[in-house]
Undergrad: 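Starting off with a structure, shown below.
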Amino acid sequence: MERGSSRGVSRGMLPLLAVHAVSEYWRLDRKPPVTAALVAANSLIYLRPSFLDRVLPDIDEVWFNPYLILKHWDLKRFFLSPFYHIGEPHFVYNMMSLLWKGIKLETEMGSSEFASMIISLLGLSQGITLLLAKSLFLFFDNGRAYYQEYAVGFSGVLFAMKVILNSQSDNYSNIHGLVVPARHAAWAELIIIQMFVPGASFLGHLGGILAGIVYLKLRALYSGSDPLAAIFRRFTSLLCWPLKSILGLNPFRRRRILGRGTVGQRRTSASGVWRCPVCTFDNSGWLNACEMCGTDRCGDGPAFFGSSSPSGDLPLEELRRRRVQRFTR
């Protein structure tokens with residue numbers, strides 16, 4: 001979160017962000033959709049294309065201001081302020097951080113759980129920041145500045161994500177040249193940013209860290225399935241159902257017959273997978289002989305040798321010789 005100022009002239013950082021985002025997604029086997037949607041939403045709000053300009057509120061209408069939120073119960077400021085940014089460096093830094101943290105967390109948690117976590121962290125970080133500002137105003141004489149502070153940005157949620165990402169890590173993290181345990185990296189970054197970026201919102205970042213801690217505590221206490229994640233799974237399945245139906249009725253769609261697999265690791269597919277009893281290679285269910293050593297699917301020996309001896313009695317040297325012959329034919 002960053003305190004109020006106007007958006008300045010472009011410094012050419014947006015193309016760098018676009019290239020980085022595309023390269024990161026290009027190298028991934030599974031593209032995390034929720035992270036992509038978050039980056040896209042923040043980008044559209046920041047760029048304000050002509051077809052959205054009349055729909056999107058102006059930044060002056062969504063500043064996170066504890067006084068105005070509590071006085072007018074302005075939920076628009078409460079929920080929309082994280083998606084607004086006041087300058088190109090502020091926006092690009094937050095999106096680079098969101099891209100890296102989002103890919104790691106969504107890949108580990110799954111898209112439904114990740115989406116549920118983001119919504120929870122958004123509400124927790126904003127609520128805790130509001131509570132801190134009100135408490136400082138009531139109990140301390142110098143709390144008025146925080147109570148009437150204007151701030152926007154996604155960094156409160158990013159600090160919460162950092163806490164969750166490093167919660168189980170025993171490694172060390174480099175925070176702007178300072179090496180600290182990864183579990184305490186968010187606290188170190190909070191202090192360093194406040195020292196070198198005076199315009200940053202201290203309460204917004206602190207609220208994000210506390211939101212991450214509260215989320216971890218609540219998840220540890222609640223052993224059941226996440227109800228929000230279940231809603232997201234149901235919603236996405238309903239959205240994907242028409243597409244799956246269309247693909248299933250497509251007469252030109254061909255099945256790919258593959259016999260490749262991984263030795264020592266079982267994989268399943270729509271057509272089934274069977275494991276060779278000799279070399280333990282996982283083969284496609286469409287094949288009747290092992291692609292690695294040629295053993296029959298029923299285990300009666302190599303199909304191209306015509307041997308009737310049990311495959312389990314093959315010596316190691318004979319197995320190696322047959323593998324070499326298999327791939328040099």
Undergrad: What residue pairs, at least two apart or across chains, pass ring pair (Phe, Tyr, Trp, His ring centres under 6.0 Å) with a residue in residues 18-44?
TA: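 Qualifying pairs, neighbours excluded: none.
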Undergrad: Which heavy atom in G153 sits nearest to a heavy atom in H90, and how many Å separate them?
TA: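 Answer, listing the atom of G153 first, then H90: CA-CE1, 3.8 Å.
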Undergrad: Applying side chain to side chain contact (heavy atoms under 4.5 Å, CB included), run through F91 and N42 and close with a yes or a no.
TA: CA-CA 8 Å; F91 169 72; N42 279 274; 4.1 Å; yes
Undergrad: Should E189 and S173 be marked as a side chain to side chain donor-acceptor pair (under 3.5 Å) after you check the CA-CA gap, both sets of side-chain angles, and the distance that decides it?
TA: CA-CA 10 Å; E189 189 172 358; S173 182; over 6 Å; no
Undergrad: Working to the nearest 0.5 Å, report the span between NZ of K217 and CG of L221.
TA: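 With rounding to 0.5 Å, NZ (K217) is 8.5 Å from CG (L221).
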Undergrad: Establish whether L68 and Y147 are linked, either directly or via other cluster members, by ILVMFWY side-chain heavy-atom contacts under 4.5 Å.
TA: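 Yes; Y147 is reachable from L68 via cluster members.
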Undergrad: Rounded at 0.5 Å granularity, tell me how far CG in L124 sits from OG1 in T129.
TA: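 Here the interatomic distance stands at 10.0 Å.
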Undergrad: Taking side chain as C-beta onward, heavy atoms only, is L206 less than 4.5 Å from F159?
TA: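 In short, these two side chains do not touch, never coming nearer than 4.5 Å.
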Undergrad: Check whether any side-chain N or O of S125 sits under 3.5 Å from a backbone N or O of L122 as a donor-acceptor pair, and report yes or no.
TA: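 The answer is yes, because a donor-acceptor pair under 3.5 Å joins these two groups.
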Undergrad: Is any side-chain heavy atom of N94 closer than 4.5 Å to one of L98?
TA: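 No, too far: nothing below the 4.5 Å cut-off.
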Undergrad: Quick one: pull up CG in L99 and CG in L17 and give me the separation to the nearest 0.5 Å.
TA: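 With rounding to 0.5 Å, CG (L99) is 7.5 Å from CG (L17).
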Undergrad: Specify the closest pair of heavy atoms between A185 and N166, including all atoms of both residues, with the distance to one decimal.
TA: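 Answer, listing the atom of A185 first, then N166: CB-ND2, 4.1 Å.
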Undergrad: Is there a donor-acceptor pair under 3.5 Å between the side chain of D58 and the backbone N or O of E61?
TA: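 Looks like no, no N/O pair under 3.5 Å.
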Undergrad: Please report the closest heavy-atom contact between Y146 and A133, naming both atoms and the distance.
TA: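 Smallest interatomic distance, heavy atoms only, reads O-CB, 4.0 Å.
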Undergrad: I'd like to know whether N174 forms a side chain to side chain contact (heavy atoms under 4.5 Å, CB included) with V180, so could you lay out the CA-CA distance, the side-chain angles of the two residues, the decisive distance to 0.1 Å, and finally the verdict.
TA: CA-CA 7 Å; N174 189 320; V180 296; over 6 Å; no
Undergrad: Contact between F202 and L190 at the side-chain level, heavy atoms closer than 4.5 Å - yes or no?
TA: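 Yes, side chains in contact.
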Undergrad: Can you hop from L165 to V179 via hydrophobic side chains spaced under 4.5 Å?
TA: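 Each belongs to a different hydrophobic cluster.
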Undergrad: Is there a donor-acceptor contact under 3.5 Å from the side chain of R183 to the main chain of D170?
TA: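 Between the backbone of D170 and the side chain of R183 there is no qualifying donor-acceptor contact (under 3.5 Å).
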Undergrad: Short question: side chain of S135, backbone of L131 - any donor-acceptor pair under 3.5 Å?
TA: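 Indeed, once roles are kept as given, a pair shorter than 3.5 Å links the two residues.
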Undergrad: Hey, does L14 have a side-chain heavy atom less than 4.5 Å from the side chain of L47?
TA: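 Answer yes - side chains close enough.
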Undergrad: For residues V152 and Y84, report the shortest heavy-atom separation together with the two atoms involved.
TA: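 Looking at all heavy atoms of both residues, the closest pair is CB-O, 3.4 Å.
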Undergrad: Around atom CZ of R30, are there more than 12 heavy atoms from other residues, nucleotides or ligands closer than 6.0 Å?
TA: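 Enclosed: over 12 neighbouring heavy atoms sit under 6.0 Å from CZ of R30.
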Undergrad: Could you tell me whether a side-chain N or O of Q148 sits under 3.5 Å from a main-chain N or O of N65, the two making a donor and an acceptor?
TA: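 Here the side-chain-to-backbone pair does not exist.
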Undergrad: Among residues at least two apart in sequence or on other chains, which ones pass salt bridge (charged side-chain N to carboxylate O under 4.0 Å, His left out) with D53?
TA: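 Salt bridge (charged side-chain N to carboxylate O under 4.0 Å, His left out) list for D53, sorted by chain: R48.
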Undergrad: Please round to the nearest 0.5 Å and tell me the distance separating atom CH2 of W187 and atom NE2 of H184.
TA: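 Atom-to-atom, W187:CH2 and H184:NE2 are 10.5 Å apart.
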Undergrad: Does any N or O in the side chain of S167 come within less than 3.5 Å of the main-chain N or O of I164, such that one atom is a donor and the other an acceptor?
TA: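 The answer is yes, because a donor-acceptor pair under 3.5 Å joins these two groups.
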Undergrad: Can you tell me if NZ on K31 sees more than 12 non-hydrogen neighbours from other groups inside 6.0 Å?
TA: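 Yes, enclosed.
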Undergrad: For a quick test of reading the model, state the closest non-hydrogen atom pair linking I209 to A186 and the distance between them.
TA: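 Where I209 meets A186 most closely, the heavy atoms are CD1-O, 3.5 Å.
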Undergrad: Verify ring-ring contact (aromatic ring centres under 6.0 Å, His included) between H85 and Y46, making sure each step is shown before the conclusion.
TA: CA-CA 7 Å; H85 296 83; Y46 178 77; 7.0 Å; no
Undergrad: Indicate yes or no: at least one non-hydrogen side-chain atom of L16 is less than 4.5 angstrom from one of V92.
TA: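 No; the side chains remain at least 4.5 Å from each other.
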Undergrad: Are F139 and F137 grouped together when hydrophobic residues (ILVMFWY) are joined by side-chain heavy atoms under 4.5 angstrom apart?
TA: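 Linked within one cluster.
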Undergrad: Taking V22 as the starting point, is it possible to reach L28 by hopping between hydrophobic residues whose side chains are less than 4.5 Å apart?
TA: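 No: no chain of side-chain contacts under 4.5 Å links L28 to V22.
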Undergrad: Let me confirm one number: the CE-CG distance from M161 to L121, rounded to the nearest 0.5 Å.
TA: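 Between atom CE of M161 and atom CG of L121 there are 7.5 Å.
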Undergrad: Run F64 and I69 through side chain to side chain contact (heavy atoms under 4.5 Å, CB included) and show every step you take.
TA: CA-CA 8 Å; F64 184 88; I69 291 174; 3.6 Å; yes
Undergrad: Hey, any chance I59 and L75 share a hydrophobic cluster, counting ILVMFWY side chains that come within less than 4.5 Å of each other, even indirectly?
TA: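 Yes, same cluster.
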Undergrad: Say you draw a straight line from CG of D60 to CH2 of W63; how long is it, rounded to the nearest 0.5 Å?
TA: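 The CH2 atom of W63 is 7.0 Å from CG of D60, to the nearest 0.5 Å.
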Undergrad: Determine the interplanar angle of the F154 and F83 rings, folded into 0 to 90°, and report it as parallel if under 30°, tilted if 30 to 60°, perpendicular if over 60°.
TA: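 Tilted.
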Undergrad: Less than 4.5 Å apart, side chain to side chain, heavy atoms only: is that true for K134 and P66?
TA: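 When only atoms from C-beta onward are counted, P66 and K134 do not touch, as no gap falls below 4.5 Å.
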Undergrad: Less than 4.5 Å apart, any side-chain heavy atom of V62 and any of D74?
TA: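 They are not in side-chain contact.
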Undergrad: Return the minimal non-hydrogen interatomic distance between E149 and S201, and the atom names on each side.
TA: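 Heavy-atom minimum between the residues: OE1-OG, 2.9 Å.
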Undergrad: Using a 3.5 Å distance criterion without hydrogens, assess whether the side chain of E106 forms a donor-acceptor pair with backbone atoms of F114.
TA: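 It does not hold such a pair.
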Undergrad: Carefully, step by step, assess L56 and L80 under the rule side chain to side chain contact (heavy atoms under 4.5 Å, CB included).
TA: CA-CA 10 Å; L56 294 174; L80 294 184; over 6 Å; no
Undergrad: Under 4.5 Å between any side-chain heavy atoms of Y93 and L158, yes or no?
TA: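 A side-chain contact is absent here, since even the closest heavy-atom pair is not under 4.5 Å.
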